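Below you'll find the structure, written out as C-alpha cells, and then a few comments.
These figures come from a predicted structure and were not determined experimentally. Each chain gets a letter, A, B and so on, in the order the sequences are listed, and its residues count up from 1.
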Amino acid sequence: MAEQLKMTGIKKVFPGVVALDDVDFRLLPGEIHALMGENGAGKSTLIKVLTGVYDIDGGEIELAGQKVRFTGPLQAQQAGISTVYQEVNLCPNLSVAENIFIGREPRKFGRIHWPEMRRRARASLARLDLDIDVTAQLDSYSLAIQQMVAIARATDIGTTKVLILDEPTSSLDASEVEQLFTIMRRLKADGVAILFVSHFLDQVYEVADRMTVLRNGRLIGEFRTDELPQMQLVSKMIGKELEALEQIEEHARETTVAERGTPIVEARELGRTGAIAPFSLTIHAGEVVGLAGLLGSGRTELARLLFGADRPDHGELLIDGRPHAVKAPRDAMAEGIAFSSENRRTEGIIGELTVRENMILAMQAARGWTRPIPRRKQDELVEQYIKALQIRPADPERLVRDLSGGNQQKVLLARWLITEPRLLIIDEPTRGIDVGAKAEIQRLVAQLADGGMAVLFVSAELEEVLRLSHKIEVLRDRRLVEELENGDDVDADRIMQTIAGGATT
Amino acid sequence: MTTLLRHRLFWPAAVLVVLLASNLIFSNNFFTITLQDGHLYGSLIDILRRSAPLVLVALGMTLVIATGGIDLSVGSVMAISGALACLLIGDLSNPDAVGPVLLVVGAAIALCLVFGLWNGFLVAVLGIQPIIATLILMVAGRGVAQLITGGQILNVRSEPYRVIGAGYFLAVPVSFLIAAAAVALTVALTRRTALGLLLESVGGSPTASRLAGIRSRRITIMVYVFAAAFAGVAGLIYSSDVSSADSNAAGNLIELNAILAVVLGGTALTGGRFSIAGSVLGAVIITTLDITAVSVGVPVETTLLFKAVVVIVLCLAQSATFRAKVFGRFGTRRAEVPA
Ligand SMILES: Nc1ncnc2c1ncn2[C@@H]1O[C@H](COP(=O)(O)OP(=O)(O)OP(=O)(O)O)[C@@H](O)[C@H]1O
Ligand SMILES: [Mg+2]
C-alpha cells in the first residue's frame with residue numbers, strides 16, 4: 001500500500017542536543033500507528049518537525065507521494081494534517097466553541113454564524129460523550145476537558161488525511177479513553193492515517209496496528225503490534241532488560257501492610273461550594289492515601305483544599321491535632337505540606353527558568369528572598385535529584401521549556417521532594433512519564449512512605465492507585481463517597497463499582 | 001565569535017559603539033575628557049551625567065516589567081518629588097544648610113514611596129491591570145505636582161540641593177554617582193539575594209509561583225515601591241539640575257523612554273527574565289541618541305524620527321528571525337540542509 005506519509009532521514013538538532021538523528025517514519029492510510037519511546041526520545045520533536053513547528057535540519061517528508069515542507073502548523077492543517085500537541089495549546093480565554101472552530105469558523109454572509117458554530121461544537125463534543133456548556137470560557141474547565149476539546153477540534157475537521165495525537169490520553173480516564181478510541185477506529189475505517197503517542201502500553205496494544213520505536217533520537221525499528229510482545233517493546237524502548245521494573249511492583253505491594261503513624265492532617269467536614277462537598281479525611285505519617293474517581297469527581301479540588309490553593313468555606317482543617325487556618329499555599333508549606341499540580345504547564349514549571357531554578361523554587365520561597373540558598377547547596381540538591389529521577393538531559397542550566405514533557409514533570413516532582421515535606425500531595429505525578437520512570441517514581445513514593453512521609457496520591461490510573469495506596473478514597477460527583485482499606489479483597493472492579501454506584505441504580 | 005554574537009547584550013553594545021563613533025565624525029574631540037576647575041568635562045562625561053535620571057527610572061521599570069507589569073506613572077512621580085522638594089526648600093529659613101535639605105530630600109522620597117505603595121496596592125491587591133492602575137497616577141500625578149507648586153514653576157536657590165543634579169564629587173558628576181550607586185544597589189538586591197529569582201518566577205507564571213509558595217503579592221508591591229523611589233530620586237536630580245520644579249516638563253515622556261531602554265536591553269515586556277545591565281545600556285543608548293541628534297545636526301523637527309529609525313534598526317538586529325532572513329547562516333532556527 002502506498003504510504004500516506006513518509007519521512008526519511010529526519011534530523012533535528014537543538015543547541016547541545018541531537019533530538020532526531022536519521023529517523024525514518026511512515027504512516028499508511030487507514031492504520032493507527034503508535035510512536036513509542038522513553039521521555040526525551042524525540043517523539044514530540046518528530047511531530048513538530050512534521051507539522052512545521054520546527055525547521056528540519058535534514059531529511060525529507062512526503063505526503064501522499066508529494067514532497068512537502070511546512071512552515072507552520074496552519075499550513076500543515078490545510079494540507080490535511082490535524083494535530084493535538086502534547087501540551088494543550090488552545091486559547092484559555094476563548095469559549096469552548098470558539099476554540100473548536102478557531103480559524104475555520106462557520107460563516108453566513110461573511111460573518112461568523114454563531115448559532116451554527118455552537119450547534120456544531122456541541123455535536124462534535126457529543127461524539128466524545130461530553131456534554132458541557134460550549135459558550136463557557138475554556139479555562140473554566142479542568143485539564144482533562146480541555147484535552148477533550150482539543151481532540152474534538154482535531155477530529156472534527158472533515159478533510160483530515162492524517163491525524164496526530166501526542167499523548168492525548170494522559171489526563172483522561174478509562175471511559176473517555178474508550179470514547180476516543182471509538183472515534184479513532186471510525187476515522188481509521190474512513191481511511192485516515194493516525195499517529196498516536198502514549199506511555200500507556202495497554203492502550204497502545206488495544207488500538208495500534210503498528211508501531212515505531214525511538215530511543216535517544218534514533219530509530220530502533222518499526223513493528224507490527226501483534227508481533228511484538230509488551231516486554232520486548234519495553235526493552236527496545238529502554239535498551240535494557242526489564243527485571244528492575246518487576247521488582248518494584250513486588251516491593252510496593254508489600255508496603256501496603258505498614259503500620260500507621262500519627263495523624264498529620266485531619267479534615268473535618270472540609271468543603272468548598274461548587275468544588276467539593278464537605279468531607280472528612282485523616283492522613284497519617286507513613287501512609288499513602290490514594291484518591292480515585294472519574295474526571296471531574298473532585299479529586300483535584302479535594303487536594304487543593306488541603307494545600308490552601310483554594311480556600312475552604314466549610315469545616316476545619318487540623319494539622320498535628322490543632323485547627324489551622326490554611327489561607328494560602330505558603331501556610332501549608334510552613335506545616336510541611338507540598339502539592340504538585342496536575343497542570344504542569346500553567347501551575348507547575350516556569351518555562352523560562354532553568355532546571356536548577358525550577359527545582360529550588362519552592363525551597364527558596366519557603367526561606368524567603370532574603371535568605372538565598374547558597375549556590376553550592378543548590379548544585380548539590382539539583383544534581384542529586386537529576387540523578388534520582390533520571391532527568392535528561394542532565395544539565396541543570398538548561399531551560400525547563402526545552403525539556404521533553406515527561407522530564408518537565410520530573411523537575412516539578414523534584415521541586416517538592418527537595419522541600420522534604422511531611423505530607424506530599426501529588427496530583428497525577430506520573431502523567432506523561434515513560435514506563436521505566438513511572439516505576440521509578442512509584443518506588444520512590446513507597447520508599448518515602450516507609451521513611452515516614454505521608455503521601456496523598458491522585459491518579460486517573462486505578463492500577464497505580466491500587467498498587468501504591470494503603471487507603472483509597474473514592475470520589476463521585478464532587479463528593480467523597482467511600483474510604484477503603486487497601487487489601488487483597490480490594491481490586492479495580494470493587495472500586496469501579498463504587499465509582500459507578502448510584503449512577504445507574 | 002558566535003558566542004559573542006549570541007550574547008544578549010551584543011547588539012545594544014554594538015549600536016552604542018556605532019553611535020559614539022558617528023559622533024566622532026562630526027566633532028573630532030568627542031572622546032576628549034579634560035579636567036577643568038577640578039571637574040571632568042567632555043561629551044562622554046556629559047552623556048553619563050545626562051543619562052542618570054533615565055537610568056534610575058529604567059532600573060525601577062526593569063523590575064516592574066520582570067514581574068509582568070508596567071509603570072506609566074514614573075514621570076509624574078518625578079514631577080511630584082521635584083515639586084515637593086522645591087516647595088519645602090523654599091520654606092526653609094536657611095536653604096544653604098545641608099541638614100534641612102537632606103530632610104527635604106528624605107521627605108520627597110518618602111512621598112514617592114507612598115505613591116509606589118498605592119500603585120502596588122492597585123495592582124497586587126485589587127488586581128487592576130498594571131497599565132490601567134499606573135495610568136491613574138500618571139494622569140493624576142501631574143495634577144498633584146501642580147497643586148504642590150501652585151501651578152507655577154518654582155525656582156529655588158540652594159547650594160546643597162544643586163549638588164544633587166549639577167554638582168561634582170572628586171571631579172565626577174554627583175548625579176552619575178547616584179545612578180551608579182542605584183545600579184549597584186539593584187544588582188546586589190536582586191542577584192545577591194533570591195529576589196531576582198522570585199521576581200522572574202512571578203513574571204514567568206504568577207499561578208505557578210503562588211503554588212510554589214512565593215508571596216507574589218508582596219513582591220509585586222515591592223517592585224512598584226522601588227520604581228517610585230527611583231523615579232523620585234530621578235525627579236530630584238532633574239529639578240536640582242535646573243534649580244526649579246516644572247510640573248509639566250519634569251519626567252515628560254520618560255516612562256516611554258524607560259520602557260524602551262528596558263526592551264532594548266533585552267528584557268521582554270511579557271515578564272520573566274530581566275537584565276539590569278541591559279537596561280542601563282539601553283538608557284545610555286537613548287541618551288546618547290538624543291545628544292547625537294544635536295551634535296550631528298539633525299533638525300529639531302526630525303529628532304524623533306531619527307530616534308525611531310535607530311530604535312527600529314536595533315530591534316531588528318536583536319530579532320533572531322530577522323537576522324536569519326537577512327544573514328542566513330547566523331540564524332539559529334533555519335539551518336541549511338546539508339547536501
Ligand atoms: N525547543 C527545544 N530546545 C532544546 N531542546 C529541546 C527542545 N525541544 C525538545 N528538546 C530536546 O529534544 C529531546 C527530545 O524531546 P521530545 O520532546 O521530542 O521528547 P518526547 O519523546 O516527546 O518525550 P516525552 O515522552 O517526555 O514527551 C529532549 O532531549 C529534549 O530535551
Ligand atoms: Mg513528548
Identify the residues of residues 407-418 of chain A whose heavy atoms come closer than 4.5 Å to a heavy atom of chain B, ordered by number, or report 'none'.
R415(A), W416(A)
Is L353(A) close to chain B through its backbone or its side chain, or both, or neither, when contacts mean heavy atoms under 4.5 Å?
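Both the backbone and the side chain of L353(A) come within 4.5 Å of chain B.
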Does R431(A) pair with E342(A) as a salt bridge, N-O distance under 4.0 Å?
yes
Salt-bridge present (E87(A), R344(A); N to O < 4.0 Å):
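Here E87(A) pairs with R344(A) in a salt bridge, since their nearest N and O are under 4.0 Å apart.
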Let's test your reading of the structure: which of [options] forms the most heavy-atom pairs below 4.5 Å with chain B?
options                            : value
D331(A), T346(A), I360(A), I349(A) : T346(A)
P15(A), G308(A), G348(A)           : G348(A)
R371(A), R345(A), R304(A), E357(A) : E357(A)
A362(A), A309(A), A338(A)          : A309(A)

Over 12 non-hydrogen atoms of neighbours within 6.0 angstrom of CD in E397(A):
yes
Can you confirm whether R311(A) is buried at CZ, in the sense that more than 12 heavy atoms of other residues, nucleotides or ligands lie under 6.0 Å from that atom?
no
Can you tell me which of L198(B), L197(B), T207(B) forms the most heavy-atom pairs within a distance under 4.5 Å of chain A?
L197(B)
Between R192(B), M222(B), E200(B), the one whose heavy-atom pairs under 4.5 Å with chain A are most numerous:
M222(B)
Which atoms of R218(B) are under 4.5 Å from chain A, going by heavy atoms: the side chain, the backbone, both sets, or neither?
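Answer is neither: R218(B) stays 4.5 Å or more from chain A.
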Proximity breakdown for I214(B) and chain A, heavy-atom pairs closer than 4.5 Å
both
List the residues meeting ring-ring contact (aromatic ring centres under 6.0 Å, His included) with F339(A), not counting sequence neighbours, and say none if there are none.
F307(A)
Table please: side-chain donor-acceptor pairs of residues 259-271 of chain B below 3.5 Å, with sequence neighbours left out.
| unit_1 | atom_1 | unit_2 | atom_2 | d |
| --- | --- | --- | --- | --- |
| T267(B) | OG1 | S275(B) | N | 3.0 |

Minimum heavy-atom separation for I56(A) to G58(A), with atom names?
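Reported closest heavy-atom pair: CG2-N, 3.0 Å.
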Atom of A182(B), atom of L56(B) and distance for their closest heavy-atom approach:
CB-CD2, 3.3 Å
Name all residues meeting the side chain to side chain contact (heavy atoms under 4.5 Å, CB included) criterion together with F14(A); count only those two or more places apart in sequence or in a different chain, and write none if there are none.
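Counting only residues at least two positions away or on another chain, F14(A) forms a side chain to side chain contact (heavy atoms under 4.5 Å, CB included) with K12(A), V17(A), A19(A), T45(A), Y54(A).
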Just so I know, are the side chains of K48(A) and Q86(A) near enough to count as touching, which here means a heavy-atom distance under 4.5 Å?
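A side-chain contact is absent here, since even the closest heavy-atom pair is not under 4.5 Å.
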